[in-house]
Amino acid sequence: MNKKESILSRVFENQRHFRFFFTLLTLVLYPTIYFFVYLTGGTQFSFLHVMYVPVVLTGFLYGVKGGLLGGIFGGLILGPIMPFDSTTGEMQHWFNWTYRLFSFSLIGM
């Protein structure tokens, strides 16, 4: 094996580790951000914008299709199942969470 082949094999090996690490990170970030937004009062406050981090990360890791799926997933977990106000249990208006789902999906792509 020459020197060029060993450098290329190291790059591809490190790329697999990099991708594996950030895949695990995004799998942890989605539910963590869901609970963070819920505990801070629901979607009435701006804490929900932290969801852009895993959505963009998913887009970088998996391209357009992965970013679209990450945006849809992020929009759904902060959408119909997340209350507007977690202390009173008041749910969001459907237009609020569908617009957010569309925005997350667009940003992810």
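Positions are given from 1, in the same order as the sequence printed here.
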If you group Ile, Leu, Val, Met, Phe, Trp and Tyr by side-chain heavy-atom gaps below 4.5 Å, do [X] and [Y] land in one group?
X     : Y     : value
Leu61 : Val64 : no
Met51 : Phe60 : yes
Val53 : Leu25 : yes
Val55 : Ile72 : no
Leu29 : Met82 : yes

Taking all heavy atoms of [X] and all of [Y], pick out the closest pair and write down the distance.
X      : Y      : answer
Leu78  : Gln92  : O-NE2, 3.1 Å
Leu68  : Ser105 : CD1-CB, 3.7 Å
Phe104 : Leu48  : CZ-O, 4.2 Å
Gly42  : Ser86  : N-OG, 3.7 Å
Trp94  : Trp97  : CA-NE1, 3.3 Å
Val50  : Phe36  : CG2-CE2, 4.4 Å

Within the structure provided, determine whether [X] and [Y] are in side-chain contact (heavy-atom separation under 4.5 Å).
X     : Y     : result
Gln44 : Glu90 : no
Asp85 : Phe45 : no
Val37 : Ile33 : yes
Tyr30 : Thr58 : yes
Phe73 : Leu69 : no

Could you give the distance from [atom1] ([X]) to [atom2] ([Y]), rounded to the nearest 0.5 Å?
X      : Y      : atom1 : atom2 : answer
Thr98  : Leu76  : OG1   : CG    : 11.0 Å
Leu27  : Thr32  : CG    : OG1   : 10.5 Å
Phe22  : Tyr62  : CZ    : OH    : 11.5 Å
Tyr99  : His93  : OH    : NE2   : 15.5 Å
Ile107 : Arg100 : CD1   : CZ    : 13.5 Å
Thr40  : Phe35  : OG1   : CZ    : 13.0 Å

Check whether more than 12 heavy atoms from other residues, nucleotides or ligands sit under 6.0 Å from atom OH of Tyr38, and answer yes or no.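 Open: at most 12 neighbouring heavy atoms sit under 6.0 Å from OH of Tyr38.
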